[in-house]
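First comes the structure, then the notes that go with it.
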There are 2 protein chains.
Amino acid sequence: MRYNKDQKVKSRAEILLAASRRFRTDGIAASGIAGIMEDAAKTNGAFYAHFESKDDLVSAVLDDSLERQKEDLGSARDKDSIIAALESYLSPAHRDHPGDGCPSAALLPEISRLPRSTRLIYEKHLKEILDGLGEKMGGDSSGMATAAAVFSMAVGALQLARAVPSDDLSGMILQSAVQAAEQLITSESDKRAR
Amino acid sequence: MRYNKDQKVKSRAEILLAASRRFRTDGIAASGIAGIMEDAAKTNGAFYAHFESKDDLVSAVLDDSLERQKEDLGSARDKDSIIAALESYLSPAHRDHPGDGCPSAALLPEISRLPRSTRLIYEKHLKEILDGLGEKMGGDSSGMATAAAVFSMAVGALQLARAVPSDDLSGMILQSAVQAAEQLITSESDKRAR
DNA sequence: ATTATCTATAGATCTATAGATAATGC
DNA sequence: ATTATCTATAGATCTATAGATAATGC
């Protein structure tokens, strides 16, 4: 049928993107291969020329989307740009578009139920993300600890803001997390300035 | 068949308990009625004498388990007992037994995909939990905001600690969250003492 | 007679596979 | 001839329902 030289590479990328969105929107367990392939404008059977199994797809999706997230967050260079990234992470826009958003916020409880091999992939990327943030917060183990605490809070707050139907409570949760995170980051950088 | 006067009430409670554990262990979407009923030592068909649908069960489970969690957390009376509750929440024991643990940590992304009616039930309980914690942190909107930030951080840290296979990183995440939460709580009570 | 549960099954999924089809590039 | 995708389907789920069964309590 109609295909060009690197059709397969392109198709694989399309399937990855479709799956990545579906997983974050509907969850991993609730997303079927057929639906993902429909989003990628392909048929069910074509899937198995690209991935061995659904588990294989899940690994590939996490590897890919966490790599992208790391690159996005890596552009933040100092305390101020971290706070800007944080405000964007905890914005109503991010809350309302989980399909394009943070994989951790959309998928963490499901990730914790995946096979160890997949969770090792998750851990590798999480480490790099926390290392990157930790470096900008001081670089030592105390900066890294603050990065872990701030990331935990951001993920939890986004999830709570998404679960709650009331816009008031939802917005208050996001704002509380922004403020508390700023306090933690400022106190960490003050510690360093002394 | 073998049944006593309040057999049905008892059965309903058994199904609720079995479902509540299964949901937290395997996720809502990945838990089937048949498996839940097997855990409750009943057959598939008997389910529909107790609940209209799986969605109906999910609402009932959330209503029930969040009510229990609120009661558990309600026993914390002052700042010190809140910190004790926090250390138990962020303990390896809680991390390693999601089936008996916090419904939010196990289920939040799935909750955010449930029908609005179910999310309203979630919101009702979350409000009461945050109100309870906020009161012990000062009672005003600033105390409530700190409660929301601390709860967000605890939920996120527990999820991250569960997802990561390395015990070192997992423990470091839990410890970072304990420390950061204590800092936020202390700074909130200092604000009040001034 | 009423009630709680069980048996059996319909109908709609889901993952995965085997073989057919139709384009490209030699 | 090779390759990417499609068609068709097997076999295992899943939710939900209808009717049978067997106990209790009148």
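What you see is a predicted model, and the numbers here were worked out from it, not measured in a lab. Chain naming here is simple, since letters A, B, ... match the order of the sequence lines and numbering starts at 1 in each.
Atom CG in D55(A) sits roughly 14 Å away from atom C1' in dC14(C) (whole-Å rounding). The distance from atom CD1 of I15(A) to atom C1' of dA4(D) is 11 Å, rounded to the nearest whole Å. Taking atom CG on L57(B) and atom P on dT15(D), their separation rounds to 10 Å, with Å as the unit. Distance D56(A) CG to dA16(C) C1': 13 Å, rounded to the nearest Å. Atom pair F51(B):CZ and dT5(C):C1' shows a separation of 15 Å (rounding to whole Å applied). We find that OH of Y48(B) is positioned 11 Å from P of dC14(D), with the value rounded to whole Å. Between the C1' atom of dT3(C) and the CG atom of D6(B) lies a distance of 13 Å, rounded to the nearest Å. Between the NZ atom of K8(B) and the P atom of dT2(C) there is a distance of 15 Å, rounded to whole Å.
For the contact set between residues 21-30 of chain B and DNA chain C, defined by any heavy atom under 4.0 Å, there are no members. Taking every heavy atom of residues 32-44 of chain B and every atom of DNA chain C, pairs under 4.0 Å involve K42(B), T43(B), by number.
Between dA4(C) and H50(B), no contact under 4.0 Å exists linking OP1 or OP2 to a side-chain N or O. Between Q7(A) and dT5(D) there is a side-chain N or O to OP1 or OP2 distance below 4.0 Å.
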**Study point:** Which nucleotides of DNA chain C pair, in dot-bracket form (Watson-Crick or G-U under 3.5 Å, | meaning another strand)
**Key:** ||||||||||||||||||||||||..
Practice item. Test L107(A) against L62(A) for side-chain contact (heavy atoms from CB on, under 4.5 Å), laying out the working first. Key: CA-CA 10 Å; L107(A) 302 174; L62(A) 286 180; 4.2 Å; yes
Exercise for review: Show your reasoning for whether salt bridge (charged side-chain N to carboxylate O under 4.0 Å, His left out) applies to E188(A) and K191(A).
Suggested key: CA-CA 5 Å; E188(A) 177 66 28; K191(A) 192 190 299 177; 3.2 Å; yes
**Study point:** Derivation of the salt bridge (charged side-chain N to carboxylate O under 4.0 Å, His left out) call for R113(A) and E110(A)
**Key:** CA-CA 5 Å; R113(A) 296 170 195 124; E110(A) 284 195 283; 5.5 Å; no
Exercise for review: Check the pair D78(B), S81(B) against side-chain hydrogen bond (donor to acceptor under 3.5 Å, both in side chains), reporting the backbone distance first and the verdict last.
Suggested key: CA-CA 5 Å; D78(B) 53 9; S81(B) 62; 2.8 Å; yes
Practice item. Walk me through it: do S104(A) and Y122(A) pass the test side-chain hydrogen bond (donor to acceptor under 3.5 Å, both in side chains)? Key: CA-CA 9 Å; S104(A) 296; Y122(A) 179 76; 2.8 Å; yes
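Nearest to the side-chain atoms of S11(A) among the listed nucleotides dA4(D), dA16(C), dA4(C) stands dA4(D).
Distance check: S88(B) OG to I83(B) CD1 gives 13.5 Å after rounding to the nearest 0.5 Å.
Using a cutoff of 4.0 Å between basic side-chain nitrogens and carboxylate oxygens, D72(B) and R68(B) are not scored as salt-bridged. Salt bridge absent: R21(A) and D39(A) never bring a charged side-chain N and a carboxylate O closer than 4.0 Å. Using a 4.0 Å cut-off between charged nitrogen and carboxylate oxygen, D100(A) and R24(A) do not count as a salt-bridge pair.
With contacts defined as side-chain heavy-atom distances shorter than 4.5 Å, the pair L126(B)/F151(B) qualifies.
Within a 6.0 Å radius of CD in E38(A), other residues, nucleotides and ligands contribute 12 heavy atoms or fewer.
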